[in-house]
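Convention: sequence-line order gives letters A, B, ...; per-chain numbering from 1.
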2 protein chains.
Amino acid sequence: MLSALAVSPAQIAPAIALRGYVEPARPATDAQTLGATRSFGKDEEIFGEGDRATCFYKVLSGAVRTSKLLSDGRRQIDAFHLPGDIFGIETGASHRFSAEALGDASIIVYRRCSLDSLSAGDSAFHSQIVAAMMRSLERAQNHMLLLGRKSAVEKVASFLLDIAERATDHGHVELPMSRVDIADHLGLTVETVSRSLTGLERRNIIALPAHRRSIVLRDRAALRRLEA
Amino acid sequence: MLSALAVSPAQIAPAIALRGYVEPARPATDAQTLGATRSFGKDEEIFGEGDRATCFYKVLSGAVRTSKLLSDGRRQIDAFHLPGDIFGIETGASHRFSAEALGDASIIVYRRCSLDSLSAGDSAFHSQIVAAMMRSLERAQNHMLLLGRKSAVEKVASFLLDIAERATDHGHVELPMSRVDIADHLGLTVETVSRSLTGLERRNIIALPAHRRSIVLRDRAALRRLEA
DNA sequence: CGTGTTATTGACTTCATTCAAATTAGGTGG
DNA sequence: CCACCTAATTTGAATGAAGTCAATAACACG
């Protein structure tokens with residue numbers, strides 16, 4: 001079931017990873033590494049909607065999606081989290097999202113509940129959290145404009161530019177998520193995402209290599225024109 | 001052009017209000033009243049998208065909408081702010097929204113930029129701001145689910161429940177905003193909002209009195225079932 | 001009472017969805 | 001290394017929900 005392969009560089013754990021595999025914390029770039037590093041496999045749950053929020057998280061390698069579900073299963077992915085991104089901060093008692101790894105991923109788990117650290121001292125750590133919150137908020141606010149007011153092609157164009165900006169090697173984007181994930185992020189169906197991508201390819205704005213998880217941005221200016 | 005009337009109780013300023021009318025700060029319920037109270041008329045701009053963010057704001061009376069525009073004029077209202085709500089907090093240099101009064105409104109203007117106060121002491125004031133940010137974030141995240149995944153009726157039902165919870169006298173909701181505003185908040189057109197409301201009325205779930213700005217919730221259970 | 005604005009209603013169109021099928025990629029095991 | 005198998009993606013055709021355009025109705029205000 002666990003299909004490991006490539007993509008995540010910092011992946012050390014064996015492919016047949018047991019849930020909750022814990023490694024000794026390796027001091028990363030940040031000063032504040034109070035947390036332990038854990039590895040997750042494809043689609044493995046990091047936390048569930050409604051779980052007690054005792055920790056928050058930071059992506060070391062790989063990628064994570066956070067999402068909400070409607071009673072009948074409709075899903076909205078609020079964000080994709082790439083290396084360096086913090087997610088899972090809550091002020092309430094429980095997580096209002098679920099979080100799953102998109103592929104193999106390693107995550108730093110911070111034990112301290114954000115609410116505690118808000119009042120407590122440690123201003124460096126604290127302001128890092130506040131900054132992360134603010135970034136989430138800005139992202140969410142832009143995304144509302146996308147979800148509420150953009151057409152399918154505009155949504156896809158925006159998405160490509162966004163993801164490219166965050167995770168690109170000059171034009172060549174390696175997507176860590178499936179088409180379904182993209183659809184659930186953009187408020188579309190898989191079919192519409194696929195058709196939009198095909199449409200962009202036909203117009204020579206992007207290229208879709210055989211390896212479906214990668215996309216080449218041929219004409220960013222055109223994308224920017226399309227994005228709204 | 002300035003059509004004042006009723007609605008806002010704490011309204012003291014004359015109807016022919018000049019922009020930026022400033023009153024001496026009246027210590028409100030909160031301890032932290034560092035700001036001056038200002039009054040705004042219907043559709044008056046409090047700040048614009050891109051304006052330097054030197055202040056943030058709190059609604060005393062009336063209501064405010066914050067919105068983003070697409071180049072071609074499509075608008076997404078990210079939130080309606082009712083008395084007690086804080087809005088306009090930014091960490092960057094400029095506002096990423098515009099804010100306008102929905103009708104006559106009085107607003108407390110806090111001079112301190114949020115970013116300053118984040119690092120600075122004053123933990124009570126500070127945590128109030130962080131809490132406001134967090135509430136915005138939660139709101140935005142729920143709204144993404146609505147925008148991305150709910151049908152028109154579900155959106156309208158959710159909206160009614162939400163606004164009722166925040167600003168109701170037992171079932172009778174006095175809407176401070178127009179149908180266009182509702183539409184731009186829910187990612188719909190006015191016509192669809194209107195049709196959805198009419199539909200709910202026909203099903204006896206709500207009543208639409210002559211005074212179009214008010215709505216009576218007859219059957220909240222039904223609304224809750226509809227909301228998703 | 002007229003007038004301008006806001007809301008509702010109707011007819012028609014369209015974009016995105018749904019349902020269904022075909023294709024392709026990538027992993028598995030021989 | 002190759003044939004097979006499963007899951008992901010793409011494509012096609014038909015439907016449908018919400019949008020657009022246009023007209024009417026209902027207020028709010030002077």
Side-chain angles (χ1 to χ4, degrees), chain A residues 1-7 15-16 41-43 72-75 102-104 146-157 174-184 186-202 206-215 226, chain B residues 1-7 15-16 41-43 72-75 102-104 146-157 174-184 186-202 206-215 226:
Chain A
M1 209 58 47
L2 260 170
S3 49
L5 203 54
V7 183
I16 308 99
K42 184 175 159 67
D43 293 326
D72 64 353
R74 279 173 286 174
R75 184 179 65 156
L102 287 173
D104 292 331
L146 177 146
L147 291 171
R149 287 297 177 220
K150 292 190 184 177
S151 72
V153 204
E154 290 169 346
K155 286 177 176 182
V156 171
E174 194 60 35
L175 297 178
M177 74 292 285
S178 73
R179 299 289 195 262
V180 182
D181 287 331
I182 298 175
D184 284 350
L186 301 181
L188 298 171
T189 57
V190 210
E191 294 94 328
T192 303
V193 170
S194 187
R195 276 188 258 268
S196 302
L197 287 172
T198 309
L200 292 174
E201 184 179 39
R202 200 170 309 117
I206 61 171
L208 300 168
H211 180 37
R212 251 49 181 256
R213 285 299 181 88
S214 69
I215 292 187
L226 276 178
Chain B
M1 211 52 50
L2 260 171
S3 50
L5 203 53
V7 184
I16 308 99
K42 184 174 156 66
D43 293 326
D72 63 354
R74 278 173 287 175
R75 183 178 66 156
L102 287 173
D104 292 332
L146 177 147
L147 290 170
R149 286 298 176 218
K150 293 190 185 179
S151 72
V153 205
E154 291 170 344
K155 286 177 177 181
V156 171
E174 194 59 36
L175 297 178
M177 73 293 284
S178 73
R179 298 288 195 264
V180 183
D181 287 331
I182 299 175
D184 283 351
L186 302 181
L188 299 170
T189 58
V190 210
E191 294 94 328
T192 302
V193 170
S194 188
R195 276 188 258 267
S196 302
L197 287 172
T198 309
L200 292 174
E201 184 180 39
R202 200 171 308 117
I206 62 171
L208 301 168
H211 180 37
R212 253 47 184 257
R213 284 298 181 89
S214 70
I215 291 187
L226 276 176

Checklist entry - Looking only at side-chain N and O atoms, does B:R212 come under 4.0 Å of OP1 or OP2 in D:dC27? => result yes

Item to check | Between D:dA17 (P) and B:K155 (NZ): distance, integer Å | outcome: 14 Å

Checklist entry - At under 4.0 Å, does any side-chain N or O of B:S178 touch on OP1 or OP2 of C:dT6? => result no

Checklist entry - Once you round it to whole Å, what is the distance between C1' of D:dA28 and CZ of B:R179? => result 15 Å

Item to check | From CG (B:L146) to CG (A:L147), nearest 0.5 Å | outcome: 10.0 Å

Checklist entry - Rounding to a whole Å, what distance do you find between A:L208:CG and C:dT24:P? => result 14 Å

Next on the checklist: Distance check needed: D:dA17 C1' versus B:K150 NZ, whole Å only.
Outcome noted: 18 Å

Checklist entry - Taking B:R179 for the side chain and B:R212 for the main chain, is one N or O donor matched with an acceptor at less than 3.5 Å? => result yes

Next on the checklist: Looking at B:R195 and D:dT20, is any side-chain donor or acceptor paired with a base atom of the opposite kind under 3.5 Å?
Outcome noted: yes

Next on the checklist: Please report the end-to-end axis angle for the helix from C:dC1-D:dG30 to C:dG30-D:dC1, five pairs per end, rounded to 10 degrees.
Outcome noted: 40°

Item to check | Minimum-distance nucleotide to A:H211 side chain [options: D:dA26, C:dG26, D:dT10] | outcome: C:dG26

Next on the checklist: Without decimals, in angstroms, what is the distance between A:M177 CE and D:dT9 C1'?
Outcome noted: 16 Å

Checklist entry - Are any of A:T192's side-chain N or O atoms less than 4.0 Å away from OP1 or OP2 of C:dT17? => result yes

Next on the checklist: Regarding A:G187, tell me which of base, sugar-phosphate or nothing describes its non-hydrogen contacts under 4.0 Å with the strands shown.
Outcome noted: sugar-phosphate

Checklist outcome for this item: Closest of D:dT20, D:dT9, D:dT11 to the A:E191 side chain is D:dT11

Checklist entry - Given side chains that start at C-beta, do those of A:R213 and A:S178 come closer than 4.5 Å, heavy atoms only? => result yes

Checklist outcome for this item: By nearest-heavy-atom nucleotide on DNA chain C, the more 5' of A:R213 and A:S151 is A:S151

Checklist entry - If you look at every strand shown and take non-hydrogen atoms under 4.0 Å, does B:L197 touch a base, only sugar-phosphate, or nothing? => result nothing

Item to check | Between P of D:dA26 and CD of B:E201, the distance in whole Å | outcome: 13 Å

Item to check | side chain to side chain contact (heavy atoms under 4.5 Å, CB included) evaluation trace for A:I182 with A:K155 | outcome: CA-CA 10 Å; A:I182 298 175; A:K155 286 177 176 182; over 6 Å; no

Checklist entry - Can you check whether A:R74's main-chain N or O pairs, donor with acceptor, with B:R149's side chain at less than 3.5 Å? => result no

Next on the checklist: What's the closest nucleotide to the side chain of B:A152 if the choices are D:dA18, C:dA7, C:dT17?
Outcome noted: D:dA18

Item to check | Side chain of A:T198 (C-beta onward), nearest among D:dT9, C:dT9, D:dT10 | outcome: D:dT10

Next on the checklist: Using side chain to side chain contact (heavy atoms under 4.5 Å, CB included), reason through B:L186 and B:T192 one step at a time and then give a plain yes or no.
Outcome noted: CA-CA 10 Å; B:L186 302 181; B:T192 302; over 6 Å; no

Next on the checklist: Mind checking if A:S194 touches a base, just sugar-phosphate, or nothing, with heavy atoms under 4.0 Å?
Outcome noted: base

Checklist entry - Taking CG from B:L188 and P from C:dC15, how many angstroms apart are they, rounded to a whole number? => result 18 Å

Checklist outcome for this item: Tightest non-hydrogen contact, residues B:I206 and B:L197, listed as CD1-O, 3.6 Å

Checklist entry - Just how far is it from atom NZ of A:K150 to atom CG of A:L226, taken to the nearest 0.5 Å? => result 10.5 Å

Checklist entry - Between atom CD in A:E154 and atom P in C:dT14, what is the gap in whole Å? => result 17 Å

